[in-house]
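Read the structure below first, then the notes.
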Amino acid sequence: MPVNIHALLSAKIHQALVAAGAPLHCNAQVRQSAKTQFGDYQVNGIMAIAKQLGIPSRQLAKKVVDLLNLKGIARKVDIAGPGFINIFLDLQWLADHLLEAIFSPRLGVATVAPRTIVVDYSAPNVAKEMHVGHVRSTIIGDASVRTLSFLGHRVIRANHVGDWGTQFGMLIAYLEKIRTGSKEKIQLSNLEDFYRAAKQHYDKDPVFAEHARSYVVKLQGGDDYCCRMWRKLVDITMAQNQKTYNQLNVTLTCADVMGESLYKDMLPGIVADLKAKGLAVESEGAIVVFLDEFKNKEGKPMGVVIQKKDGAYLYTTTDIACAKYRYETLKADRILYYVDSRQHQHLMQAWAIVRKAGYIPESVPLEHHMFGMILGKDGKPFKTRVGDAVKLADLLNEALERARRLIASKNPDMDAAELEKLAQVVSIGAVKYADLSKNRTTDYIFDWDNMLNLEGNTAPYMQYAYTRVVSVLKRSGQSEQQLTGVITLEVEQEIQLAVCLLQLEEAITTVARDGTPHVLCTYLYDLAVLFSDFYEHCPILNADSETQYQSRLQLALLTARTLKQGLNLLGIEMVERM
Ligand code: ARG
């Protein structure tokens, strides 16, 4: 049986606490210990519970320890300070579980009861290039998707592409113009320029604008020509985005596109239903839902427009329909949105309406996994020197160039083809890891030197650490099948590494619950550092005995596999040599 040490200890301690007179809902607060002298796990909740019970906390701690049955699991249980409990795990118990992990393809990580989880991420807009917000959503969302899938959930990737709205009249009219007119040849490969030029024509040329407006009406009426032109715009954009996904090693495909247009036929019904339920009312010609929980500047309930005076629907209307669809049609048990923090209020309003209308029961969570901005070193939004938004393609090119230099400086004799391949993997890894390793809720500072540093919590460090472990295994000349299945833990560095190796599931479970890949990054980084410590203090190839040699080799093997699996869940590739 795979083991989740945290879950196991939490259950055991809770049991002892209740037996000691604590209430059933008490929180033992079991944590991985920050310092070795506090054991492998510590219990922090005793003081608060003792206070509730009105007894001295050390007395409660003592009672809990007496009632606690950790026979065969812990080698020592200490009480420290006012009533902390420190647990030191049994070495044979650790060894047994490590062996299980080594012989399991899932490294000892259990699968869970599967739920259907819809993950809304990436969501770029048609005829526009992905901006930083989309890039963060893509990278973080994909790590979350990989993690949830690994645990055994049914994950539905929903790429909520901005493919509908009044701007399409203008875009179609402009696409038509550049296809027929020979003078204005704008490369459609530069979507940003295309959009800007279309907008310029729309703003300056009244005839063009009139034409564009007539196309909006036609498109919404299902006109064949307009629909074909619209499709073209969507296809060109998504073909370009797909290249980016592939380059970034992101698992999204064209089959995951569920753009705003998917919900257009639901919108009249939603508005009618919200009116019938008395939630939506007419206000100055528009249809509005007033929400008590959001106040406007005058302190009155905020009005959320769901249909404009001219009949047009809004971004919010679509998000109401889309949430409903995800529950009713996709049968979601949980819905996650990787969307930039500036859209928080928008989502909260849409979901408040969804709940009031009874479209989704409270038991199905709607979660906004928001993220902050990427800032330049000056602390201002990350821009090019002339103040434009940084293009992803340029950013990846620069990363590649820097990675080439980094690798060439380390390996002057490496042949060009290998160097190129390595530089690809390292540069993509560096850009992604820089994003993934930071707590997503805060802004983060984009810093080339940092992300390509071979020291510290960076992709190159992790990739390099992996090659080091692999090289030890290679030098042993022993194939995996020959490993004997013996683990003996004697030295402190071995024990530390062993405990960490058994904590993969805890890290993965946290990422799955909170959508915070940085927790997995931190875990893997700690593991790499512990391995490096272990490697320094515990000779492997020159071990004292055959048993010790075999045991250490297996710790190295499990470290290599854990690093590879963990980084794979983050969407970061490994190399065998660096
Ligand atoms: N396309 C939107 C944007 O660029 C993001 C969509 C996020 N998802 C959603 N369900 N609203 O801002």
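Just so we're clear, the structure is a prediction, and the values are computed from it rather than from any experiment. Hydrogens, waters and symmetry mates are skipped; everything else that's a heavy atom, side chains included, is used. Ligands are counted one by one from 1 in listed order, and the atoms in each one are counted from 1 as well.
Taken to the nearest 0.5 Å, the CD atom of Q349 stands 11.5 Å off from the CG atom of D319. Here the straight-line distance linking atom OH of Y195 with atom CD of Q167 works out to 4.5 Å at 0.5 Å rounding.
Looking at R342 and D340, a side-chain N of the basic residue comes within less than 4.0 Å of a carboxylate O on the acidic one, giving a salt bridge. Ion pair E176/R179 not flagged as a salt bridge, since none of the NZ, NE, NH1 or NH2 atoms sits closer than 4.0 Å to an Asp/Glu carboxylate oxygen.
Under 3.5 Å, the side chains of N453 and Y461 contain no donor-acceptor pair of N or O atoms. With 3.5 Å as the limit, one finds a donor-acceptor pair spanning the side chains of H369 and Y338.
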Could you list each N/O atom of ligand 1 together with any protein N/O atom closer than 3.5 Å, one pair per line with the distance?
unit_1   : atom_1 : unit_2 : atom_2 : d
ligand 1 : 1 (N)  : A123   : O      : 3.0
ligand 1 : 1 (N)  : N125   : OD1    : 2.8
ligand 1 : 4 (O)  : N125   : OD1    : 3.4
ligand 1 : 4 (O)  : N125   : ND2    : 3.0
ligand 1 : 4 (O)  : H134   : NE2    : 2.7
ligand 1 : 8 (N)  : D120   : OD1    : 3.3
ligand 1 : 8 (N)  : D120   : OD2    : 3.4
ligand 1 : 10 (N) : D120   : OD2    : 2.8
ligand 1 : 10 (N) : D319   : OD1    : 2.8
ligand 1 : 11 (N) : Y315   : OH     : 2.9
ligand 1 : 11 (N) : D319   : OD1    : 3.4
ligand 1 : 11 (N) : D319   : OD2    : 2.8
ligand 1 : 12 (O) : Q343   : NE2    : 2.8

